[in-house]
Amino acid sequence: MKFQEVDSGDYRIYAGAIERGVGSLFQAAVVVTKQQSSGKRVEVFRDDQVGGGYLWSCPKEALRFAIQRGHDVVMCRTGLSQRV
């Protein structure tokens, strides 16, 4: 499993490339948290099967796709939980 973190304003995007199946294929996952005024981070979005569970042949591409999904969520505010 490979991970990458990216900050986007008050949000932090956690991307993962999870090895699946034979042949070293990778599934993308993303979690987005928001920094609250208290300093606590609250999860506002999670997608464990980014791209509908599509399998990438390298972890770099799976991570790139997961990070892009996280940026889309932050920029468009789609799918964010009401806990924000």
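These numbers come from the heavy atoms of this one structure, side chains and all, not from hydrogens, waters or symmetry mates.
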- Query: Under 3.5 Å, side chain of Q27 to main-chain N/O of D48, donor-acceptor pair present?
  - Reply: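 The answer is yes, because a donor-acceptor pair under 3.5 Å joins these two groups.
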- Any chance you could lay out the side chain to side chain contact (heavy atoms under 4.5 Å, CB included) test for H71 and I13, step after step, and finish with the verdict? CA-CA 8 Å; H71 279 300; I13 300 165; 3.8 Å; yes
- Item | Hydrophobic cluster partners of Y14 (side-chain heavy atoms under 4.5 Å) |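 Its cluster mates, by chain and number, are V31.
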Could you give the distance from [atom1] ([X]) to [atom2] ([Y]), rounded to the nearest 0.5 Å?
| X | Y | atom1 | atom2 | value |
| --- | --- | --- | --- | --- |
| E61 | L55 | CD | CG | 14.0 Å |
| D72 | I67 | CG | CD1 | 12.0 Å |
| K34 | K40 | NZ | NZ | 13.5 Å |

Grab the two heavy atoms, one from [X] and one from [Y], that are nearest each other, plus how far apart they are.
| X | Y | answer |
| --- | --- | --- |
| A62 | A28 | O-CB, 3.4 Å |
| P59 | F26 | CD-CE1, 3.4 Å |
| V74 | S8 | CG1-OG, 3.7 Å |
| A29 | A66 | O-CB, 3.4 Å |

- Message: Applying ring pair (Phe, Tyr, Trp, His ring centres under 6.0 Å), can you list everything that pairs with F65, at least two apart in sequence or on another chain?
- Response: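 If we apply the ring pair (Phe, Tyr, Trp, His ring centres under 6.0 Å) test to F65, skipping adjacent residues, the hits are W56.
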- Task: Decide yes or no on side chain to side chain contact (heavy atoms under 4.5 Å, CB included) for R12 and R41, but give the supporting numbers first.
- Result: CA-CA 9 Å; R12 180 167 291 161; R41 288 204 168 271; 3.6 Å; yes
- Message: Could you walk me through whether R46 and V30 satisfy the side chain to side chain contact (heavy atoms under 4.5 Å, CB included) test, starting with their C-alpha distance in whole Å, then the side-chain angles of each, then the deciding distance to 0.1 Å, before giving a yes or no?
- Response: CA-CA 6 Å; R46 175 182 294 264; V30 65; over 6 Å; no
- Please check if V6 and F3 belong to a single hydrophobic cluster, counting links between Ile, Leu, Val, Met, Phe, Trp and Tyr side chain heavy atoms closer than 4.5 Å.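 No, it is not one cluster - the side chains of V6 and F3 are not joined through contacts under 4.5 Å.
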- Message: Could you walk me through whether F45 and R69 satisfy the side chain to side chain contact (heavy atoms under 4.5 Å, CB included) test, starting with their C-alpha distance in whole Å, then the side-chain angles of each, then the deciding distance to 0.1 Å, before giving a yes or no?
- Response: CA-CA 11 Å; F45 181 82; R69 176 69 172 119; 3.4 Å; yes
